[in-house]
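Just below is one structure, and these are the notes that go with it.
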Amino acid sequence: MNRRSAQKNKYSWILILCIIVGLLSSLYLVFERHQIEKSQNHIENIVDYDAVLRANAFEKRSQEEAFDALRNAGVTAFAIYDRTLEKAHDAGQIRLLTAQDMNSVRVNGASVKPGALYIALASGKEGYYKEIREDLYHRIGKDKVHELNTSIGPVIELYGATEDSYKKMNLGISKLQAEEVADKGFNVIVRPTNYRNVTSEDIQYVFNRLDGVPHVTGMIFAGKEALGAPNHIDETVELLNKHHIPLVGIEAVNQLQYEPQQGFLEMAAKNGYSVGRVYTIAKDELKKITPEESAQRFYISDIERNIRYNLFPVYETGQNNETVLQTTINYIAMATDKLSAKGYEFGPADIYPAYTPNPLLVVLSMIGAVALFVYVAQMFIPMPKHTQLVAFFGISLVSIVIFIITSGTLITQIWALSSAVLAPVGAMICLMEEWRRYDASRPLGTVKSILLSVLYLVVATLFAAIGGMFIAALLGNTKFFMEFALFRGVKLTFVLPIILVMIAYLQRFPLWKGRMINSKEEAKQFVVEFLTMDVKFYVFFIIAALGGAAWVFLGRSGHTAGVPVPGFELMLRRFLENTLYARPREKEFIIGHPMLMLATFGFLRKWPTVIHFVLTITGVIGIASMVETFCHIRTPVFMSIMRGYDGLLIGVVIGLALIIAIRFMMYVTQWFQQQEVKHE
């Protein structure tokens with residue numbers, strides 16, 4: 001212990017200075033990022049226009065009453081898709097006739113063909129008929145589209161494919177339908193499908209239909225390809241910008257990045273990743289959840305994942321004795337009310353600008369992360385001050401060169417990962433050094449131990465938050481905001497801090513056979529003794545239990561959840577989401593922070609070293625999780641800060657309650673023991 005104590009203060013103050021400079025630079029970038037994120041507060045609430053018309057057909061209220069109800073619920077836009085003959089017929093825009101239907105119609109100069117499909121005018125809908133004829137000419141060519149002169153007016157004859165295939169064939173975006181939506185006071189979201197063997201003329205045809213249509217506030221591609229893919233995406237991007245129509249991507253089902261659409265990523269890159277992001281719920285999933293849960297999912301998506309387009313699906317069956325449309329209106333209104341309470345407004349969605357932070361400030365933040373790396377490294381491997389400085393300046397120089405050559409994405413991710421791992425580890429080691437100040441003293445009083453347990457938790461959390469600021473600054477650009485780039489190594493941010501804190505603990509406290517391990521020889525001896533020791537049978541049960549806990553811990557960590565969340569925990573999450581500004585993580589306020597408080601309290605009260613070790617290792621989970629929160633760059637940085645604050649606040653309360661409960665149990669146990677002694 002004496003050797004280690006003599007070495008512990010031999011760090012270079014230049015490292016501390018560089019960490020501070022990097023932190024100040026990061027704080028400025030975090031503030032700048034927060035200003036950008038705060039300004040993105042307009043959300044577009046969208047519903048499928050055709051789906052609303054179909055749902056309203058089964059209701060007593062008029063279309064205008066239905067549209068007013070949707071508007072009052074917060075709907076600001078309708079999505080229009082490529083029209084099909086089937087949809088146009090269902091909407092009453094045309095009439096579809098079979099050869100048998102045409103037997104009662106007089107055809108001038110031609111005869112009816114068995115198996116053909118016929119398209120006739122609908123009264124008062126001549127414009128739609130002309131649009132569809134134009135779409136057919138463009139899709140399959142004029143020579144395959146025959147217009148007949150009949151007693152009921154002009155009729156289009158389609159022959160050569162099955163009726164069903166003609167009915168379901170995508171025709172094109174209807175300008176009349178878009179204008180109809182705009183005339184009702186709603187914005188227009190366009191959802192075109194790509195053409196087979198797409199040409200420049202095809203792309204121009206789509207945008208010609210949008211000329212003069214007001215309030216087109218987004219284009220979301222339907223299908224597996226973006227319009228113009230694979231060879232004409234430049235023209236699509238050019239026309240989108242010319243018409244001032246935002247490009248919008250569909251969030252993937254696993255809530256990571258985007259649904260695969262050929263050409264979309266290339267388009268986004270050409271726009272500097274300044275695109276919109278839409279969230280929706282699959283119809284099969286919608287059937288399984290309540291309207292309340294649906295509303296909650298949209299709410300959480302918007303506040304946590306930079307979603308600014310909500311595409312609300314229409315329920316297929318009504319809930320709670322309501323109609324299909326009313327059920328849909330109800331859950332949209334619930335989501336809108338929740339978002340309004342958070343300060344969001346509704347209308348044309350805000351699109352993140354193509355933002356890249358100041359490179360000089362990023363470099364300063366990166367140098368701070370390098371200094372943090374060397375500072376924590378010398379806590380494990382004592383090195384002279386000149387060695388620390390040589391390592392620091394050498395690594396910094398190499399990192400700056402790589403940053404310049406690669407435009408920064410790779411090297412900033414490396415140092416963000418380093419900060420995510422080493423900031424909580426450094427915080428824990430500093431805390432261990434503080435514990436060791438009381439190592440030789442007698443147990444402290446209960447009140448002082450409790451106060452110090454709170455103080456040390458707060459200080460450790462603030463130290464670890466340095467890593468969070470480095471991460472938020474290094475990766476704070478539009479590419480990460482919109483998840484075209486992801487933080488890599490999420491699992492490592494949970495596993496490595498635990499392993500490194502174990503090593504640091506063994507270096508500082510006599511856990512293994514009453515001695516510490518702080519040299520190569522002692523480490524080798526520890527490995528040999530550990531691998532050759534006798535093991536009792538019950539140890540296998542302990543290992544199995546720890547393995548199960550690790551499986552749950554890792555399975556519930558990171559971007560995807562491999563372990564299901566029980567119902568009672570979901571209820572707790574929903575309560576916290578609706579009560580607090582940001583829902584803190586259970587592993588922080590239920591596990592990590594209370595255990596770290598207990599670790600301090602237990603050490604100061606001279607609890608057994610094994611118990612203190614377990615509490616310490618469990619305690620690192622909380623501050624590691626808090627730092628890892630900042631790795632989710634899609635979440636606004638202020639929300640990540642508030643999530644950590646809320647977790648710390650609740651964790652302190654639970655920790656205090658736990659300490660008091662344990663002290664009470666110990667007091668009761670001692671009282672009973674004294675009573676037994678008296679009776680004897």
Side-chain angles (χ1 to χ4, degrees), residues 43-48 51 77 79 81 189 191-194 218-227 229 246-268 273 275-317 327-328 331-332 334-335 338-339 349 352 479-488 490-491 554-567 569-570 573-574 577 583 631-635:
I43 295 172
E44 190 87 85
N45 286 338
I46 315 162
V47 182
D48 180 350
Y81 295 72
I189 301 295
R191 300 214 58 192
T193 52
N194 198 23
M219 181 173 284
I220 309 171
F221 303 118
K224 297 297 182 182
E225 297 175 354
L227 179 65
L247 173 65
V248 184
I250 306 168
E251 185 182 66
V253 174
N254 64 359
Q255 300 176 359
L256 280 179
Q257 298 190 294
Y258 298 85
E259 285 295 314
Q261 288 183 312
Q262 185 182 15
F264 171 74
L265 296 180
E266 291 84 348
M267 288 184 183
Y273 303 102
V275 303
R277 184 176 170 100
V278 63
Y279 173 71
T280 191
I281 300 176
K283 289 185 177 180
D284 289 341
E285 180 67 14
L286 193 67
K287 296 175 183 177
K288 303 174 186 175
I289 58 179
T290 64
E292 292 77 14
E293 176 63 18
S294 301
Q296 186 72 13
R297 291 191 185 186
F298 277 97
Y299 165 69
I300 293 301
S301 299
D302 291 351
I303 67 174
E304 291 192 354
R305 301 202 299 275
N306 284 331
I307 300 293
R308 293 298 177 266
Y309 289 85
N310 291 327
L311 180 54
F312 292 96
V314 175
Y315 270 85
E316 293 184 355
T317 57
T327 300
T328 303
Y331 92 89
I332 294 174
M334 282 188 276
K338 288 174 178 287
L339 291 165
Y352 273 88
K479 190 174 183 179
F480 280 91
F481 293 158
M482 301 312 297
E483 276 201 320
F484 290 98
L486 291 175
F487 176 88
R488 302 295 179 182
V490 172
K491 301 294 185 184
L554 291 177
R556 294 276 299 279
S557 303
H559 291 295
T560 55
V563 178
V565 181
E569 188 176 346
L570 281 175
R573 288 185 177 187
R574 294 298 179 247
E577 287 165 354
R583 174 182 64 83
C631 299
H632 299 269
I633 308 299
R634 65 187 183 183
T635 301

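What you see is a predicted model; the values in this text were computed from it and never measured.
- The CD atom of Glu251 sits 10.5 Å away from the CD atom of Gln257 when rounded to the nearest 0.5 Å.
- In terms of heavy-atom proximity, Pro291 sits nearest to Thr327 at CG-CG2, 3.9 Å.
- Checking side-chain atoms of Arg308 against main-chain N and O of Asp302 turns up a donor-acceptor pair under 3.5 Å.
- Nearest heavy atoms, Asn194 versus Ala229: ND2-O, 2.9 Å.
- Between the side chain of Gln261 and the backbone N or O of Phe221 there is at least one donor-acceptor pair closer than 3.5 Å.
- Within the 4.5 Å cutoff, side-chain heavy atoms of Gln296 are placed close to those of Lys338.
- Using a distance-only test at 3.5 Å, with no hydrogens or angles considered, a donor-acceptor pair links the side chain of Asn306 to the main chain of Arg634.
- Looking only at side-chain heavy atoms (C-beta outward), Phe264 and Leu247 come within less than 4.5 Å of each other.
- Taking the six-membered ring for Trp and thresholds of 30 and 60 degrees, Tyr331 and Phe312 have ring planes more than 60 degrees apart, a perpendicular arrangement.
- Side-chain contact between Glu259 and Thr280 is absent, with no heavy atoms from C-beta onward closer than 4.5 Å.
- Minimum interatomic distance between Gly276 and Met482 (heavy atoms only, all atoms of both residues): C-CE, 4.3 Å.
- Residues Ala51 and Val314 share a closest heavy-atom pair of CB-CG2, 3.8 Å.
- With rounding to the nearest 0.5 Å, the separation of OG1 in Thr290 from CE in Met334 is 7.5 Å.
- By the 30° and 60° cut-offs, the orientation of the rings of Tyr258 relative to Phe484 is parallel.
- For the atom pair CD of Glu293 and NZ of Lys288, the computed distance is 13.0 Å after rounding to the nearest 0.5 Å.
- Thr193 places no side-chain N or O within 3.5 Å of a backbone atom of Gly223 that could act as its donor or acceptor partner.
- Side-chain atoms of Leu339 and Asn310, non-hydrogen and from C-beta on, do get closer than 4.5 Å to each other.
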Evaluate Ile289 against Arg297 for side chain to side chain contact (heavy atoms under 4.5 Å, CB included), listing each step before the verdict.
CA-CA 10 Å; Ile289 58 179; Arg297 291 191 185 186; 3.6 Å; yes
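- Of all heavy-atom pairs spanning Ile281 and Leu286, the tightest one is CG2-N, 3.9 Å.
- Atom OH in Tyr299 sits 15.0 Å away from atom CD1 in Ile307 (nearest 0.5 Å).
- Taken from CZ in Phe481 to OG1 in Thr635, the straight-line distance is 11.5 Å, to the nearest 0.5 Å.
- Here the CD atom belonging to Glu44 is positioned 11.0 Å from the CG atom belonging to Leu311, to the nearest 0.5 angstrom.
- Looking only at distances, no side-chain donor or acceptor of Arg277 sits under 3.5 Å from a matching main-chain atom of Gly249.
- In plain terms, the two heavy atoms of Thr328 and Pro313 that are nearest each other are CG2-O, 3.9 Å.
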